[in-house]
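Quick caveat, the model's predicted, so the values are computed rather than measured.
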Amino acid sequence: MDDSQDFKSLQDKVQGALVATTRSANGLAQEDLSFLRTVDPTVGSKLDENTARLIRLSEELLKSAGSFVGQSAPSIEDADDIDISWRGVVDVIDTLLEKADTCLDEYTGLIKRKDAPTLDTGRPAKKPKSTTQLDWSMKRANIIKPQNAFEHKFDNFYTGPWKPLLTSKPHATVPLDQSLATFVDGDDNTQYSHPYETEILNVAYPQRIYEKRDPIPYLPFDTTTATWVDTYEGVLEMLDELKKAKEIAVDLEHHDFRTYPGLTSLMQISTREKDWIVDTLRPWRHKLEVLNEVFTDPNIIKVLHGAFMDIIWLQRDLGLYMVGMFDTHYACDALDYPGKGLAFLLKKFCDFDADKKYQMADWRLRPLPEEMFYYARSDTHYLLYIYDMVRNELVKKSDTSNPEKNWIEWVLHKSKEISLQRYETPLCDAETGKGSRGWFNILVKSPAGLNAEQFAVYKAVFKWRDDLARREDESPYFVLGQHAVADIARVLPADPKALWSLVGNASQLVKGRIDELFDLIQDAREKGRGGPTMMDFFRGTNSVAAVAKRVFGDQAKEQSKVAEVPVPELEELKADKSQLWGDMPISSRWENGRKREDEGQIALPWTTYVQGMVEDALEVDPAEESTEQDMIPLQEPEPAVVPDEDFTLKQGKKKGKKRKTEEMEEGEVDEPADELKPTTEGETPATTEDEERRARKVQRKEERKARKAAAWALKKAQANGSAATTEGEGEGSGAAEDEEEPFDYSKAATVLHAQGGANGDSGRQRKGKKQKVFDPYTAKTQDNSLKGARKMNYERSGKSATFKK
């Protein structure tokens, strides 16, 4: 009781100190600190002392938490290191909080960790409590690497062809020694052929797979359990029961984060009556090759779902192959199901909700937690019943008379293709980036471009990370994240401290080699100057010439050896000049070395049009036209000789449309007739139609002159005060037409008084009426003056708006 009271008092004291400190800190603005340092030097020394003390306490707290949760805490020397190592600080704190939460749950009894299941406990399995997030201890377990105890270890630095692990070949049509033939793939790498290729291609599936049968119900999941197999004797007992089955379901669990090649960590096998979970991390794991007696038996159907990677993992780690496989994933494709995953099939046919968060779990954990054991068993327990259901639907949907609609046969064919997948040695070419562990496929998808130095640094850091991962048997992504490699190449850190901020939450393998990595980056920058950029590399790799050289290069070399003729280097197809514009340079890049000589004539669709334009401009006689008018040279044509007079196209023809009658009546003066223009030599003589048109044009012009003269005589008579009749106007018009006087500008009417007479007196003065002289400055007060828009009722001078409550 006293201890609890002492803890309560201590808790209150600590909480009060934190509240007081926080309140004091909030009352002081950060901007005032520099001012206080300047005014009082003792304040600056006090701040520095307290900062150093807080940093020291924080570093000790992080180290203590890191040792408790099994993580390495970052080192903090000054305030800048907090920002640099912020990700590491957050990881340690998050792991500590998760660990505390787990301990509290275990203390209160909400969860309880169980030991691994025995060979056959006989107890029914219960579905564990579902949570939305996977516990960190299940995702990234800090355990001793099980691969260190393997009797047959994987060589990470081996670069030769990967040879199958088979020591015997059950159910063989072709003996093992004849099956292990080598060939050269498309990347000039030597590979071993698939040892069961002949057997898979020629497999004859049992007739029952093509027949519709009643599905066999699965055993209740809650009333049965699975057998945990972790001894070789247990494997042999399981093998005896598997040989009696007609169909088996197989699934694997894999881990690839704390090992370079990857680890097959668990194998689940189910028959109609029983489930097994095999521990594939035992030191004698290579002895599991004995399961080929069942896996390669064509009379036993092996049902898997999405077996693309499972086939690879079985070959690489256990030396196991599949003959007579049925992949339910392709059955979903053939039946047009909306979902293709195993979780969809489990829900559709078995009403079972699979918790797929355990796909990301660390399956190296031993003993295996109960919830992970439950998930692993569910993957195969229902799979044979699902196989029965989808097989019946495929048989019903298939049309055996039409190969394109024989869906059951299509699924079996796709299953054979998956079974023929081969594992290959993981390679990483430092220069070309080719190989399953190379940077080519990663960088080709990157949207950012890298210059010469950045590209060289990227390749160097990528190779350094790959070599370190092989040497330490770690995944390259565990050593250093891909985003960190890209950031280092893009930023090009100037010092080790800047590099530290870029590596982020990298492994301790990298953090302990910061100086080594920085020296590597500086050396790569020096070598990369003046080298190819990323775009230059991809242009040289993916250009037409490069592809042609890779495809036809070997064939051309073989032919050259026979004919003893050297093979010329392949070049990109490039024309010396444009087929459209000829020898005329359309770019400054083409001007140098431009060829002036005529290299022939090319007939193009537009040449006829251009030739016609030249002939019309020069009025070429059709009798003198060239017989090869459709063939023009690609050079620029020589300038033609044109007379000095004004040039018009189609001389002798009217240039515009006919004028309208209204325009002619208004007395608009027309331009001189085209027939008055001089003609050049060789012009076509005018026809009778042209002469008539010119005559009509002259007649219209004479009529317009007569009307203008009559109008002028009428105005003159009105100015002199004569009262001539219409008949007199006619006579005057004739006289005016015979004798036209020049216009007297001194007697013209004024602009302001347009009705004035020829003597310059206005009409108002002649009638004896005196009117006020026009004043332009007072004209705005007249009724006919322009007025502005009226003001709106709500607008007031000097105010923008009026508001009412």
Side-chain angles (χ1 to χ4, degrees), residues 113-123 125 128 134 137-154 165 224-242 248-259 261-271 274-295 302 304 307 309-322 358-381 383 473:
R113 301 295 294 271
K114 298 290 185 179
D115 294 335
T118 58
L119 292 180
D120 192 354
T121 60
R123 293 181 288 107
L134 188 63
S137 60
M138 295 184 181
K139 186 186 298 184
R140 296 288 182 265
N142 188 17
I143 61 177
I144 299 176
K145 295 181 179 181
Q147 60 266 34
N148 295 337
F150 290 166
E151 296 178 2
H152 292 175
K153 294 181 174 59
F154 195 93
L165 303 178
T224 58
T225 186
T227 302
W228 177 261
V229 180
D230 59 353
T231 63
Y232 184 64
E233 291 74 14
V235 172
L236 297 179
E237 293 177 4
M238 177 186 67
L239 181 61
D240 293 336
E241 296 192 42
L242 292 178
I248 63 173
V250 182
D251 191 30
L252 301 177
E253 303 299 340
H254 190 263
H255 177 82
D256 56 4
F257 192 65
R258 297 302 306 273
T259 176
L263 284 175
T264 302
S265 305
L266 214 64
M267 179 165 55
Q268 306 95 282
I269 304 176
S270 295
T271 61
K274 199 170 183 179
D275 303 325
W276 292 270
I277 296 181
V278 183
D279 184 5
T280 57
L281 296 180
R282 307 303 298 172
W284 45 266
R285 64 196 307 239
H286 61 280
K287 296 183 178 180
L288 290 172
E289 180 191 345
V290 69
L291 294 178
N292 276 325
E293 297 182 12
V294 173
F295 286 4
K302 276 68 65 176
L304 290 87
M309 293 307 301
D310 294 342
I311 295 296
I312 300 295
W313 297 335
L314 287 173
Q315 296 177 27
R316 180 197 64 200
D317 294 339
L318 308 177
L320 295 175
Y321 295 84
M322 291 287 181
Y358 293 104
Q359 286 181 332
M360 304 302 297
D362 190 344
W363 291 97
R364 303 174 305 157
L365 284 172
R366 299 293 184 271
L368 195 67
E370 183 177 358
E371 51 268 41
M372 294 175 64
F373 184 86
Y374 181 91
Y375 167 81
R377 181 194 172 201
S378 64
D379 280 353
T380 57
H381 181 80
L383 194 54
D473 193 20

Between [atom1] on residue [X] and [atom2] on residue [Y], distance to nearest 0.5 Å:
X	Y	atom1	atom2	result
L165	H152	CG	NE2	9.0 Å
I277	T227	CD1	OG1	9.0 Å
D310	K302	CG	NZ	14.5 Å
M238	L288	CE	CG	7.5 Å
D275	Q268	CG	CD	10.0 Å
D379	S270	CG	OG	9.5 Å

(request) For the residue pair T271 and W276, establish whether any side-chain heavy-atom pair is separated by less than 4.5 Å. (result) yes
(message) Are the side chains of L291 and L239 in contact, using a 4.5 Å heavy-atom criterion?
(response) yes
Give a yes or no on whether the backbone of [Y] and the side-chain of [X] come within a donor-acceptor separation of less than 3.5 Å.
X	Y	result
R364	A141	yes
D230	R282	no
D317	T264	yes
T280	L266	yes
W363	Y358	yes

(message) Among residues at least two apart in sequence or on other chains, which ones pass side-chain hydrogen bond (donor to acceptor under 3.5 Å, both in side chains) with Q147?
(response) D473
Compare every heavy atom of [Y] with every heavy atom of [X], then report the nearest pair and how far apart it is.
X	Y	result
P146	L281	CG-CD1, 4.1 Å
E289	G319	CG-O, 4.0 Å
A361	M372	CB-CE, 3.6 Å
M322	L304	CE-CD1, 4.1 Å
F154	R316	CE1-CG, 4.1 Å
L318	M267	CD1-CE, 4.4 Å

(request) Begin from the C-alpha positions of I269 and L242 and carry the test side-chain contact (heavy atoms from CB on, under 4.5 Å) through to its verdict. (result) CA-CA 9 Å; I269 304 176; L242 292 178; 3.7 Å; yes
(message) Between L263 and K145, is the side-chain contact (heavy atoms from CB on, under 4.5 Å) condition met? List the steps.
(response) CA-CA 11 Å; L263 284 175; K145 295 181 179 181; over 6 Å; no
(request) Could you tell me which residues satisfy side-chain contact (heavy atoms from CB on, under 4.5 Å) with Q359, sequence neighbours excluded, listed by chain and number? (result) K356, Y375
(message) Does atom CE (M309) have a neighbourhood of more than 12 heavy atoms from anything else shown, all under 6.0 Å?
(response) yes
(request) Applying salt bridge (Lys or Arg N to Asp or Glu O under 4.0 Å), name anything that partners R258, two or more places apart in sequence or on another chain. (result) E474
(request) For the residue pair W228 and F373, categorise the inter-ring angle as parallel (less than 30°), tilted (30 to 60°) or perpendicular (more than 60°). (result) tilted
